Amino acid sequence: IQSDFDWDEYLRLLGPEAGDPAPAACFKQAAEPPSNHFQLGHRLESRDPRNPDNTCIASVIDRLGPRLRLRLDGSDDRNDFFRLVDSEDLFPHPSGRFIVPPLGFAKSSNYWPGFLEKVKAAGNFAPADCFVRPPASPAKNLFAVGQKLEAIDRKNPLFVCPATVKEVRQDRIFVSFDGWRGAFDYWCRYDCRDIFPVGWCQRAGYPVQPPGNRAPQQPQPLQRYRGKHASGGSSPSPNSGTFSDKSAAASPQLPASSAAAPAA
Ligand code: MLY
């Protein structure tokens, strides 16, 4: 994944008509990005992203900055997901929660008790001090239309990209990815953990992708930016770079490449 995006230069090129960065107080993110003390192969308890009332055992497949790539034990590499180390979805083991098989447990449920025993015996559970307390949430939606932010591309969740608040409605905002003509845009709550203040990810050691080149909204400045960064943006490969290279090494028995394959 690329890491040569420069917010200062981008905002300068967009000029005064571009919105200001959304203030940090808008976001449910730590003032200083938390450090990541998890190691590859560490186990932990996690909500099942596809069934969030359920708690499962997960393994750390990869890590980059404060983000973890996780795989539920008993699931396959097609359902990997990403969480911040201060996520409210992660718990040290044992948490006292009842552990259930992940949605789509690979084998018949008869195998579950034995499977769980084996996983627990294998151990390697992450120590409790790896888990960072989730940040406080803003009391209400403070976002304004036009503000800039960094957002996770939910179709390609390896990527964090420059984006703009296009609409604000009650507790939700509409996140629009700069230069991608709406294909990756989504509504989310203001306290969603997939959005960050401008500059947060770089401080966290997580790369931000350059904007796409398909923007009808502000063609002039975007073209100028793209002209100076010829390689960027159109088809970043999620399979190159630190994150997925490491993940392949972490799980030789399961190919990690398919999980974050781009949707477009
Ligand atoms: N295969 C897609 C990947 C696009 C990723 C867009 N994100 C970063 C907003 C493409 O190249 O169109």
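Note that the coordinates shown come from a computational prediction; the quantities given were computed from them, not determined experimentally. Along the sequence shown, the residues carry numbers beginning at 1. Counting starts at 1 for both ligands and their atoms, in listed order.
The other members of the hydrophobic cluster of Trp187, by chain and number, are Phe174 (side-chain heavy atoms under 4.5 Å, ILVMFWY only).
Polar contact with ligand 1: absent for Asn156 (N/O pair, distance under 3.5 Å).
Side-chain atoms of Tyr186 and Asp194 include no donor-acceptor pair closer than 3.5 Å. Using modelled atom types, one finds a donor on one side chain and an acceptor on the other under 3.5 Å when comparing Glu150 with Trp7.
Near Phe184, meaning under 4.0 Å from any of its heavy atoms, are these atoms of ligand 1: 4 (C), 5 (C), 6 (C), 9 (C). Set against the non-hydrogen atoms of Asp153, the atoms of ligand 1 under 4.0 Å away are 5 (C), 6 (C), 7 (N), 8 (C), 9 (C). Residue contact check: Cys161 has heavy atoms under 4.0 Å from atoms 8 (C), 9 (C) of ligand 1.
With sequence neighbours excluded, the residues satisfying side-chain hydrogen bond (donor to acceptor under 3.5 Å, both in side chains) with Arg193 are Gln29, Asp86, Glu88.
Salt-bridge formation is not detected for the pair Asp191/Lys28: no Lys NZ or Arg NE/NH1/NH2 atom is positioned less than 4.0 Å from an Asp or Glu carboxylate oxygen.
Within the 4.0 Å heavy-atom shell around ligand 1 one finds Arg214.
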